[in-house]
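Working notes, structure below.
Below, all heavy atoms of this structure are taken into account, side chains as well, without hydrogens, waters or symmetry copies. Atoms within each ligand, like the ligands themselves, are counted from 1 in listed order.
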Amino acid sequence: MLLRIYAPHISDAKAGQFVILQLKEDSERIPVFVLETFQDGFSCILEIVGRSTLEIKEEGEEFYYVGGPLGKPFPANYYGKVVLYSKNWGVAGAISVGRALKEMGNHITLVYFEEVFTDILKKEKFDEVILEKDLKAYKGVDLVITVGDNLLSKNVSDMYPSVRHIATPKVYMLCSVGLCLSCRLKVGDGYSLACTDGPWFDAHSIDWEEVIKKEDTYKEEEKIALEEYLKKLASKRISA
Ligand code: FES
């Protein structure tokens with residue numbers, strides 16, 4: 001779902017930054033990448049995966065809270081040949097970072113894996129936009145970037161052991177301002193917070209095994225929340 005949201009305070013967001021969306025006072029806070037900014041707000045892409053995103057699709061007209069811009073912008077410099085791997089919700093981050101790097105004169109190859117984003121990606125002026133079935137390595141690359149999936153980031157990190165790799169890990173973010181520690185992850189010899197130190201990190205320094213292990217922390221709660229919301233929707237439709 002592509003959303004354009006009126007929120008002038010987000011209009012100066014830089015490539016690779018994110019915002020927090022909260023539909024109602026009691027809704028979950030969802031971090032999403034900023035795709036584009038406008039004078040009066042921004043656009044983003046939401047993947048409908050659970051209760052909170054479905055709630056936005058079904059009932060979203062205005063948001064209770066739109067927080068940001070958050071996180072550190074992507075380090076947009078000249079690197080040379082850049083390959084950007086994007087999966088799932090990562091497509092907005094991949095596009096915003098890809099555009100910023102293209103402006104700096106980099107050669108951009110964007111690799112994606114789901115046909116669903118073809119219409120959006122077709123419009124981008126990258127050097128190559130490739131729909132792949134399987135993950136593969138490219139030669140002569142100066143920088144690889146991964147966004148949208150932890151296993152993808154881990155596999156790409158293993159595939160390019162001596163190439164600079166910047167990735168954004170998928171972790172739970174409850175507060176997004178450095179207070180709750182839910183987004184804490186092991187980076188090198190220490191720990192960092194994805195919300196305030198990230199969302200972009202040197203992928204070779206991340207403990208991907210640990211990050212992947214934590215992906216299912218709230219899986220059961222999410223399943224119950226989605227089931228309850230689907231029941232609520234069904235009874236609403238019957239009574240209408
Ligand atoms: S989300 Fe709370 S500390 Fe990062």
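With respect to the salt-bridge test (charged N to carboxylate O, under 4.0 angstrom), the residues Asp127 and Lys81 do not qualify. Here Lys213 does not pair with Glu209 in a salt bridge; the nearest charged N to carboxylate O distance is not below 4.0 Å. Ion pairing of Lys231 with Glu227 is absent here, as no side-chain N (NZ or NE/NH1/NH2) approaches a carboxylate O to less than 4.0 Å. By the 4.0 Å N-to-carboxylate-O rule, Arg99 lies close enough to Glu36 to be salt-bridged with it.
Among the backbone and side-chain atoms of Cys180, an N, O or S atom lies under 2.8 Å from atom 2 (Fe) of ligand 1. Under 2.8 Å from atom 2 (Fe) of ligand 1 lies no N/O/S atom of Cys183, from backbone or side chain alike.
Remark: Arg4 is not positioned above the aromatic ring of Phe42, lacking an NZ or CZ atom under 6.0 angstrom from the ring centre and at most 45 degrees off the axis.
You'll find the ring centres of Trp208 and Phe201 outside the 6.0 Å limit.
Heavy-atom proximity to Met173, at under 4.0 Å, picks out these atoms of ligand 1: 1 (S). Under a 4.0 Å criterion applied to the non-hydrogen atoms of Ser176, ligand 1 contributes the atoms 1 (S), 2 (Fe). Numbered from 1 in the order shown, with element, the atoms of ligand 1 that lie under 4.0 Å from a heavy atom of Leu181 read 2 (Fe), 3 (S). For ligand 1, the atoms closer than 4.0 angstrom to any heavy atom of Gly178 are 3 (S). Atoms of ligand 1 found under 4.0 Å from any heavy atom of Leu179, numbered from 1 in the order shown, are 3 (S). Listed by number with element, the atoms of ligand 1 under 4.0 Å from a non-hydrogen atom of Leu174 are 1 (S). Numbered from 1 in the order shown, with element, the atoms of ligand 1 that lie under 4.0 Å from a heavy atom of Cys195 read 1 (S), 3 (S), 4 (Fe).
To the nearest 0.5 Å, the span separating CG on Leu121 from OH on Tyr112 amounts to 5.5 Å.
Proximity of Thr196 to ligand 1, defined as any heavy-atom pair under 4.0 Å, is not found for any part of the residue.
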